[in-house]
Amino acid sequence: MDKISKIIQDAVFKLFESEQTVQLSSPDPQFGDYSTNIAMQLAKTVGKNPREIADSLADKLRESGEFSEVSVAGPGFINLRVSAKNLSDLLEQSWSEKYGENKDGDGKTVIVEYPSPNVAKPYSVGHLRPGNQGWAVKRLMEATGWKVITDNHIGDYGAPFGIWVVGFLEFSDDEKLDNGGVYELGRIYIRTKQALKDEATAGERQLADQVQEWLLKLENGDTEAQEYSRRFNEISLAHIHEIMNRMRISTDLELGEAFFAPKGKQAIQDLLSKGIAIQNPDGSVIVKLDEYGIDVPFLVQKSNGTALYSTTDIATILYRESMWHPDRVIYAVGPEQQFYFTQLFALAKKLGIKTELIHLWFGMIEQINEDGTREKMSSRKGVVLMEELLDQAETRAREIVKGRDVSDEDIKKVALGAIKFSDFMADRRTNILFSWDNIFALSGFSGPYVQYAAVRVNKILRDNNPKYAETESYDFEPEKTIIMKLLDYPEVVKVSARDLEPHKVASYLYELAKDLNRYYEQTPIATGDVSDIEKQARLGILKKASHVFAHGLSLLGIEVPIRM
RNA sequence: GCACCCGUAGCUCAGCGGAUUAGAGCAUCUGUCUUCGGAACAGAGGGUCGGCGGUUCGAAUCCGUCCGGGUGUACCA
């Protein structure tokens with residue numbers, strides 16, 4: 001596509017001495033393979049009517065000999081056709097082992113933070129998106145020439161700890177905890193949150209005070225508190241790692257809030273001494289951000305002296321700055337924290353941090369109520385756990401392949417493919433309505449549909465041993481749609497990485513899969529009376545398609561099974 | 001109140017660096033089928049792109065405004 005737009009660009013320059021960038025689009029096939037509305041865009045600056053401009057450009061483009069057909073339509077669209085043979089040559093020229101990747105990142109360093117679950121409760125679908133999309137963004141950064149460091153910023157500090165200890169002492173015991181593990185911790189957490197709520201409505205704050213006391217104890221190095229913290233975190237971390245393993249995501253680092261809390265306290269002292277932060281009479285510490293248009297002061301330390309999220313996050317920014325000098329940091333965190341992050345980023349600016357800080361937020365996962373309204377999924381109403389989701393997906397995948405020779409490994413790939421792909425169906429910011437049928441979709445716009453197309457391609461390649469062939473005499477006409485689609489891939493990766501929108505890769509892969517399924521339906525590859533040249537030429541295209549499938553799916557954290 | 005997000009087919013969602021006839025999946029209906037693997041393919045019906053106004057030769061897309069829904073708005077994370 002670059003090459004084609006460059007040809008037009010040159011023609012535009014020669015005729016009108018304009019450097020207006022040419023945008024190509026894919027029109028309805030009846031009009032052409034590519035089209036551009038450059039003539040309309042030039043009309044104003046050139047001072048001629050668009051139709052006239054289009055006509056003279058079209059003449060010039062015909063002279064170039066690169067197009068099999070050039071026509072002008074409507075108010076001044078230039079529609080172009082390129083022969084399949086030319087497109088095939090173009091693909092061959094731009095092909096490499098790293099087809100699709102680029103160097104846009106220029107070796108700069110980016111830290112991607114995900115999935116950062118809290119230790120307080122079992123891993124729920126609430127953290128599906130940060131983990132899944134965070135991983136995809138990491139992969140996109142890698143594919144576009146960034147040096148990537150990933151960090152699991154675990155929520156292993158702060159209020160949840162206090163809530164746990166209070167709840168554990170009040171509603172649980174050693175035996176229950178030993179038997180229930182992380183699920184018992186989850187129960188304790190929910191139960192205690194409820195008790196705190198009831199207490200608050202009754203105008204009391206006994207439990208709330210106890211929660212804060214335990215936090216203070218922990219910060220002051222009380223051995224009992226530290227022992228509780230160690231015990232609870234150990235249980236939770238093992239669980240988090242198990243789920244991340246099943247989701248096939250990992251991070252380079254795992255520096256949680258607990259790690260940064262002491263550093264945070266120190267950082268706050270520095271801010272105070274520099275006069276950036278202000279201590280209120282009640283002991284709490286704030287930073288004013290009026291000059292950034294934010295009139296709510298940023299609370300960075302509670303009145304009882306304990307740390308909160310902002311405290312540890314400031315320390316995290318400073319720590320990363322000193323360790324890695326990142327050019328960019330991406331936080332894969334839910335949308336509820338948008339305001340918090342605008343505050344945090346404003347403070348970073350105030351501290352002179354130059355790093356590009358990005359809050360990669362996602363639409364919420366909602367559930368549908370009986371009255372048809374939608375509502376955010378919450379622990380209060382009963383969340384779906386990640387473990388449950390993975391189990392169910394595997395069970396369903398297993399039922400489908402019953403009686404076929406499919407490995408357990410492959411079943412898991414399909415199950416995971418279904419879950420992950422469904423998360424990429426919509427734009428990152430769109431709220432997702434949780435439904436078991438959507439998330440396990442096996443046909444239509446779904447992970448398994450794409451995986452299936454890839455598996456078919458690979459099977460044909462395995463059975464037919466593609467080898468280099470002289471394809472000069474072959475016109476590639478039946479493969480034209482697929483070749484054009486394959487030519488689009490690098491641009492898709494580029495834009496997807498630029499916008500941090502993995503779902504664009506997903507849409508693309510679906511379209512490629514669809515084109516391929518249609519292609520098999522009407523074009524024999526290695527059956528019937530297909531000549532050797534045809535066969536090898538077709539296998540050559542399939543080989544490239546196979547690469548793009550594997551590459552694109554891997555950007556989404558999805559693997560291609562052997563059989564399914 | 002203010003800030004941000006959302007409103008496109010019965011449902012779930014694309015498209016929104018303007019442009020030739022607004023797309024996909026699911027659901028419904030009809031075909032293809034002794035398959036290089038049917039988790040497939042071909043086709044049908046279904047839309048005042050929330051309302052109004054503006055910019056433009058041209059608006060689902062940009063701007064304004066109103067309506068409806070969601071989220072956030074310092075001692076939670």
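All chains are named by letter (A, B, ...) in the order of the sequence lines, taking the proteins before the strands, and each is independently numbered beginning at 1. Only a predicted model underlies this, so the values are computations on that prediction, with no experimental measurement involved.
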J.: Where the side chain of A:Glu336 is defined as all heavy atoms beyond and including C-beta, which of B:C36, B:A77, B:G72 is the nearest nucleotide?
T.: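 For the A:Glu336 side chain, the nearest candidate turns out to be B:G72.
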J.: Under 4.0 Å, counting only non-hydrogen atoms across every strand here, what does A:Gln343 touch: a base, just sugar-phosphate, or nothing?
T.: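 No contact.
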J.: Assert yes or no for the condition that the ring centre distance of A:His503 to A:Phe424 is strictly below 6.0 Å.
T.: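 No, too far apart.
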J.: Choose from B:G25, B:C75, B:U20 the nucleotide whose nearest atom is closest to any side-chain atom of A:Ala73.
T.: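 Looking only at side-chain atoms, A:Ala73 lies closest to B:U20.
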J.: Looking across every strand, which nucleic acid part, if any, lies under 4.0 Å from A:Leu433 by heavy atom: base, sugar-phosphate, or nothing?
T.: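 Touches sugar-phosphate only.
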J.: Can you label the angle between the A:Phe434 ring and the A:Trp436 ring as parallel, tilted or perpendicular, going by 30° and 60°?
T.: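 The rings of A:Phe434 and A:Trp436 stand perpendicular, inter-plane angle above 60°.
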J.: Could you check whether A:Ile562 gets within reach of a base, just the sugar-phosphate, or nothing at all, counting any heavy atom under 4.0 Å?
T.: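 Base, at least one base heavy atom under 4.0 Å.
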J.: Closest-nucleotide mapping onto RNA chain B: is A:Gln337 or A:Arg498 further toward the 5' terminus? I mean the 5' end.
T.: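 Closest to the 5' end, via its nearest nucleotide, is A:Arg498.
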J.: Nearest to the side chain of A:Leu442 - B:A19, B:A39, B:A40?
T.: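 Taking heavy atoms from C-beta onward, the closest nucleotide is B:A39.
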J.: Kindly point out which of B:A24, B:C76, B:C75 is positioned nearest to the side chain of A:Asp282?
T.: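 From the listed options, B:C75 comes nearest.
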J.: Distance criterion of 3.5 Å, no angle test: do you see the side chain of A:Gln338 paired donor-to-acceptor with the base of B:A3?
T.: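 No.
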J.: I need the single residue from A:Lys412, A:Gln451, A:Glu409 that forms a side chain to side chain contact (heavy atoms under 4.5 Å, CB included) with A:Pro561. Which is it?
T.: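 Testing A:Pro561 for a side chain to side chain contact (heavy atoms under 4.5 Å, CB included) against A:Lys412, A:Gln451, A:Glu409 leaves exactly one candidate, A:Gln451.
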J.: Mind checking A:Asn37 for me? I need base, sugar-phosphate or nothing, with any heavy atom below 4.0 Å counting as a touch.
T.: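 Contact class for A:Asn37: base.
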J.: Counting the atoms with a prime plus P, OP1 and OP2 as sugar-phosphate, which does A:Gly444 contact under 4.0 Å by heavy atoms, base, sugar-phosphate, or nothing?
T.: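 Counting heavy atoms under 4.0 Å across all strands, the contact made by A:Gly444 is with sugar-phosphate only.
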J.: Is it true that A:Glu501 and A:Arg429 have a side-chain N and a carboxylate O under 4.0 angstrom from each other?
T.: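 Result for this pair is yes, salt bridge flagged.
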J.: Is the aromatic ring of A:Tyr520 within stacking range of B:C36, meaning centres under 5.5 angstrom and planes under 30 degrees?
T.: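 No; by the centre-distance and plane-angle rule, A:Tyr520 does not count as stacking on B:C36.
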J.: Assess the pair A:Phe77 and A:Phe31: is the distance between their ring centroids shorter than 6.0 Å?
T.: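 Distance test on ring centres: not under 6.0 Å, no.
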J.: Quick one: which of B:A39, B:A77, B:C13 gets closest to the side chain of A:Glu257?
T.: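 Nearest to the side-chain atoms of A:Glu257, counting from C-beta on, is B:A77.
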J.: Using a 4.0 Å heavy-atom cut-off across all strands, classify A:Thr523 as base, sugar-phosphate, or nothing.
T.: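 Answer is base: heavy atoms of A:Thr523 come under 4.0 Å of a base.
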J.: Of the options A:Leu500, A:Asp423, A:Leu556, which is the one that meets A:Gln133 in a side chain to side chain contact (heavy atoms under 4.5 Å, CB included)?
T.: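 In the set A:Leu500, A:Asp423, A:Leu556, the residue that makes a side chain to side chain contact (heavy atoms under 4.5 Å, CB included) with A:Gln133 is A:Asp423.
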J.: Under 4.0 Å, counting only non-hydrogen atoms across every strand here, what does A:Val455 touch: a base, just sugar-phosphate, or nothing?
T.: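 Counting heavy atoms under 4.0 Å across all strands, the contact made by A:Val455 includes a base.
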J.: Across all strands, who's sitting opposite B:A9 as a Watson-Crick or G-U wobble pair, both distances under 3.5 Å?
T.: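 Base partner found: none.
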J.: Any base atoms under 4.0 Å from A:Pro50, or only sugar-phosphate, or nothing? Heavy atoms, all strands.
T.: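 The residue A:Pro50 makes no contact with any strand.
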J.: Both A:Asp427 and A:Asn464 contact RNA chain B. Taking the nearest nucleotide for each, which residue is further toward the 5' end?
T.: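 Going by which nucleotide is closer to the 5' end, it is A:Asp427.
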J.: Determine whether any donor atom in the side chain of A:Asn517 lies under 3.5 Å from an acceptor atom in the base of B:A40, or the reverse, and answer yes or no.
T.: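 In this structure, the two groups form no donor-acceptor pair.
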J.: Select base, sugar-phosphate, or nothing to describe what A:Phe31 touches, counting heavy atoms under 4.0 Å on all strands.
T.: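 A:Phe31: base contact, heavy atoms under 4.0 Å.
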J.: Tell me which nucleotide among B:C41, B:C76, B:C36 gets nearest to the side chain of A:Arg518.
T.: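 Of the options given, the side chain of A:Arg518 lies nearest B:C41.
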J.: Nearest to the side chain of A:Val296, heavy atoms from C-beta on, is which of B:U20, B:A74, B:C76?
T.: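 Shortest atom-to-atom distance from the side chain points to B:A74.
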J.: Just checking A:Leu308: base, sugar-phosphate only, or nothing, at a heavy-atom cut-off of under 4.0 Å?
T.: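 The residue A:Leu308 makes sugar-phosphate contact but no base contact.
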J.: Side chain of A:Leu299, heavy atoms from C-beta onward: which of B:C13, B:G18, B:A74 has the nearest atom to it?
T.: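 So the side chain of A:Leu299 is nearest to B:A74.
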J.: Considering Watson-Crick and G-U wobble pairs with both distances under 3.5 Å, what does B:C41 pair with?
T.: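 Pairing partner: B:G31.
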J.: Between B:C75 and A:Ser303, counting only base atoms on the nucleotide and side-chain atoms on the residue, is there a donor-acceptor pair under 3.5 Å?
T.: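 Counting by modelled atom types and ignoring angles, a donor-acceptor contact under 3.5 Å is found here.
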J.: Which nucleotide sits closest to the side chain of A:Tyr452: B:A39, B:C41, B:A24?
T.: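 The answer is B:A39.
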J.: Would you check if the distance from the ring center of A:His153 to the ring center of A:Phe260 is below 6.0 Å?
T.: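 Aromatic pair counts; centres sit under 6.0 Å.
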J.: Would you mind telling me which of B:A14, B:A74, B:G72 lies closest to the side-chain atoms of A:Ser507?
T.: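 Selected nucleotide (nearest to the side chain): B:A14.
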J.: Pick base, sugar-phosphate or nothing for A:Ala426, based on heavy-atom distances below 4.0 Å to the nucleic acid.
T.: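 Answer is sugar-phosphate: A:Ala426 comes under 4.0 Å of backbone atoms only.
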